[in-house]
2 protein chains.
Amino acid sequence: MTRSEENYLKTIFHLGGGDSKSISTNAIAEQMETKPSSVTDMAKKLSDKGLVDYVRYQGVSLTDVGVKTALSIIRKHRLWEVFLVKKLDFTWDEVHEVAEQLEHIKSEKLIDKIDELLDFPKYDPHGDPIPTKDGKFQERDEKLLSEMPINSQGVCVGVKDSSVPFLKFLDKNNIALGNTIKILDKEDFDNSLRIQMNGKEMRISHQIATNLYVKKNP
Amino acid sequence: MTRSEENYLKTIFHLGGGDSKSISTNAIAEQMETKPSSVTDMAKKLSDKGLVDYVRYQGVSLTDVGVKTALSIIRKHRLWEVFLVKKLDFTWDEVHEVAEQLEHIKSEKLIDKIDELLDFPKYDPHGDPIPTKDGKFQERDEKLLSEMPINSQGVCVGVKDSSVPFLKFLDKNNIALGNTIKILDKEDFDNSLRIQMNGKEMRISHQIATNLYVKKNP
DNA sequence: ATCTATTTTTAGATTTGTCTAAATTTAATT
DNA sequence: AATTAAATTTAGACAAATCTAAAAATAGAT
Ligand SMILES: [Mn+2]
Ligand SMILES: [Mn+2]
Ligand SMILES: [Mn+2]
Ligand SMILES: [Mn+2]
């Protein structure tokens with residue numbers, strides 16, 4: 001497996017190609033910042049290797065082997081991110097770029113030992129679940145902050161947008177995973193929210209609220 | 001810098017090209033298990049980039065920038081090896097292959113933090129010195145076990161051959177870095193040595209003795 | 001100094017991954 | 001059903017890194 005092949009599989013998975021849904025050439029090209037013709041070439045190669053099902057003009061979806069491979073790369077990516085934060089004091093906005101490189105290191109023992117060193121974490125620094133060694137995914141019962149009803153309460157468990165600017169914005173406003181959030185009020189005009197977080201009251205724009213995952217308290 | 005360029009610089013350094021000594025195309029090709037014609041191509045490319053001095057038919061040597069770059073890769077390689085042994089319980093015969101990959105990860109912060117996590121080690125698991133961030137090399141006063149006089153005594157500090165079979169052989173015979181060794185006798189016939197190590201007496205072949213570095217006790 | 005064996009370079013080909021531009025297919029619209 | 005717009009594929013090119021085979025240069029030996 002080349003690095004490029006691995007990156008294609010990962011992208012196809014993230015676009016939903018793991019559920020035997022067909023992903024278009026254009027969608028992959030856009031996500032990977034490459035050209036559709038390059039995607040076509042790679043689709044053929046991955047198809048020859050039995051990693052994707054590819055029908056000309058119809059897009060690609062991952063085979064079982066393709067899904068398994070994609071998950072193993074995603075597992076490595078997220079474990080490395082946890083390592084960087086927990087063991088090397090990286091901030092959550094610094095880890096993705098480095099993990100993009102580390103995810104391609106080929107050593108099963110290495111990633112198993114990292115997993116062990118970290119005490120088998122279930123989520124990465126952005127709240128994304130870490131697949132198990134045998135490719136199981138532990139989805140969490142979570143919803144977007146923007147979808148929570150007034151007076152409900154929950155814990156912030158993840159970010160949908162994990163871009164550097166958004167993560168830095170959250171840091172600046174002391175919004176962190178683990179914080180307890182209560183919805184006090186919604187403003188009809190701009191869909192902004194008034195919330196209570198860790199005791200303090202604050203206002204949050206709709207854009208922010210649609211990019212924060214919350215686990216609702218029972 | 002591509003991964004291939006980095007590997008060439010490292011190899012040229014290991015062959016002595018850091019002391020403005022010219023290294024032959026063939027020597028590099030042999031070391032890297034590639035063809036001389038490929039080395040010529042790369043020599044031109046590295047020369048264009050100012051990393052080596054290259055004279056046709058005369059071989060290459062590293063420029064100052066080339067030395068600095070090579071040392072930074074060697075630094076990364078050796079720090080990762082220490083990390084694997086100290087933090088992930090790899091054995092010293094398992095680390096090289098993985099470090100060959102990890103040394104190419106591009107993140108200054110990452111390697112500085114690994115260095116810090118390891119408490120700024122001076123030597124790697126095979127006793128090779130780790131260059132400092134600014135490219136300083138702390139050579140040690142050491143000699144080969146085979147060159148030690150009878151009745152002298154020292155501490156085993158490194159291996160010259162760090163191949164997997166040799167390292168496994170050392171493990172099997174309980175020879176480890178840090179052990180104290182006293183030369184009891186030399187056999188003229190086959191140059192083998194009778195030594196005392198950690199209290200016990202044993203016999204060591206010439207081939208082993210020429211691949212172990214010892215720091216002589218004062 | 002000339003010959004010869006060895007080393008080194010060149011020329012041309014190959015693989016991987018990418019691109020542009022043109023051709024084709026599909027999907028949407030009349 | 002024919003036309004058009006959009007998506008997708010093909011064809012041909014390119015850069016990086018490698019190889020083989022042939023040519024050129026160097027160094028060693030007579
Ligand atoms: Mn990431
Ligand atoms: Mn990647
Ligand atoms: Mn090594
Ligand atoms: Mn390497």
Side-chain angles (χ1 to χ4, degrees), chain A residues 1-17 20-62 66 69-70 73 100-101 103-106, chain B residues 1-17 20-62 66 69-70 73 100-101 103-106:
Chain A
M1 283 278 292
T2 68
R3 176 175 297 225
S4 188
E5 287 170 352
E6 292 184 346
N7 282 334
Y8 272 95
L9 290 181
K10 200 176 58 146
T11 300
I12 295 165
F13 183 90
H14 281 136
L15 291 172
S20 49
K21 189 178 110 191
S22 235
I23 309 299
S24 79
T25 302
N26 261 14
I28 298 166
E30 189 179 356
Q31 182 76 21
M32 298 189 70
E33 299 183 79
T34 182
K35 301 293 165 180
S37 55
S38 306
V39 177
T40 301
D41 288 343
M42 186 55 84
K44 287 174 185 165
K45 191 187 306 183
L46 293 174
S47 174
D48 288 345
K49 293 198 175 189
L51 294 161
V52 304
D53 291 317
Y54 168 56
V55 183
R56 269 177 48 188
Y57 293 101
Q58 300 304 314
V60 297
S61 62
L62 297 172
T69 310
I73 300 155
E100 282 292 301
Q101 300 179 61
E103 73 189 11
H104 300 292
I105 300 290
K106 278 159 190 61
Chain B
M1 283 276 290
T2 67
R3 173 175 300 223
S4 187
E5 287 170 351
E6 292 184 347
N7 283 334
Y8 273 95
L9 291 181
K10 199 175 57 145
T11 300
I12 295 164
F13 183 91
H14 281 136
L15 291 172
S20 49
K21 187 179 111 191
S22 237
I23 309 300
S24 79
T25 302
N26 262 13
I28 299 166
E30 189 178 356
Q31 182 76 20
M32 298 189 71
E33 299 184 82
T34 182
K35 302 291 165 183
S37 54
S38 306
V39 176
T40 301
D41 287 345
M42 186 56 83
K44 287 174 185 165
K45 193 188 303 182
L46 293 174
S47 174
D48 288 346
K49 292 197 174 188
L51 294 162
V52 304
D53 292 317
Y54 168 55
V55 184
R56 268 176 52 185
Y57 293 99
Q58 302 304 138
V60 297
S61 62
L62 296 173
T69 311
I73 299 154
E100 281 292 302
Q101 300 178 59
E103 72 189 11
H104 301 291
I105 300 290
K106 278 160 189 61

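Remember, predicted model here, so these are calculated numbers, not experimental data.
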- State which residues pass side-chain contact (heavy atoms from CB on, under 4.5 Å) with B/Asn26; sequence neighbours excluded, sorted by chain then number. B/Ser24, B/Pro36

- Query: Any idea which heavy atoms bring B/Ile23 and B/Ala27 closest together, and the distance?
  - Reply: CG2-CB, 4.2 Å

- Pairs meeting criterion salt bridge (Lys or Arg N to Asp or Glu O under 4.0 Å) with involvement of residues 48-59 of chain B, two or more places apart: B/Glu5-B/Lys49

- Query: B/Ile28 has an atom CD1; how far is it from atom C1' of D/dT18, in whole Å?
  - Reply: 16 Å

- Item | salt bridge (charged side-chain N to carboxylate O under 4.0 Å, His left out) involving B/Glu30 - partner list, sequence neighbours excluded | none

- Item | side-chain contact (heavy atoms from CB on, under 4.5 Å) partners for B/Thr69, two or more places apart | B/Met1, B/Leu9, B/Leu51, B/Val65, B/Ile73

- Note on the structure: Residues at least two apart in sequence or cross-chain that pass side-chain hydrogen bond (donor to acceptor under 3.5 Å, both in side chains) with B/Gln101, listed by chain then number, are none

Report each atom pair, protein N/O against N/O of nucleotides 22-28 of chain D, whose distance is under 3.5 angstrom.
residue, atom, partner, partner atom, Å
D/dA25, O4', B/Tyr57, OH, 3.2

- Query: Of all residues at least two apart in sequence or in a different chain, which pass the salt bridge (charged side-chain N to carboxylate O under 4.0 Å, His left out) check with B/Lys106?
  - Reply: B/Glu6

- Whole angstrom value for the distance that separates C1' of D/dT18 from CG of B/Asn7: 14 Å

- Message: Please determine whether a side-chain nitrogen or oxygen atom of B/Lys44 lies at a distance below 4.0 Å from atom OP1 or OP2 of C/dT9.
- Response: no

- Message: Starting the side chain at C-beta, find the nucleotide from D/dT8, C/dT18, C/dT8 nearest to B/Thr40.
- Response: C/dT8

- Query: Is the phosphate of D/dT8, meaning OP1 or OP2, less than 4.0 Å from a side-chain N or O of A/Asn26?
  - Reply: yes

Dump the pairs, protein N or O against N or O of nucleotides 19-21 of chain D, anything under 3.5 Å, distances to one decimal.
residue, atom, partner, partner atom, Å
D/dC19, OP2, B/Thr34, OG1, 2.6
D/dC19, OP2, B/Lys35, N, 3.2
D/dC19, OP2, B/Ser38, OG, 2.7
D/dT20, O4, B/Ser37, OG, 3.1

- C/dT7 phosphate, OP1 or OP2, under 4.0 Å from B/Ser24 side-chain N/O: no

- Item | Contacts of B/Ser47 that satisfy side-chain contact (heavy atoms from CB on, under 4.5 Å) - sequence neighbours left out | B/Val52, B/Tyr54

- Under 4.0 Å: is that the gap between some side-chain N or O of B/Tyr8 and OP1 or OP2 of D/dA16? no

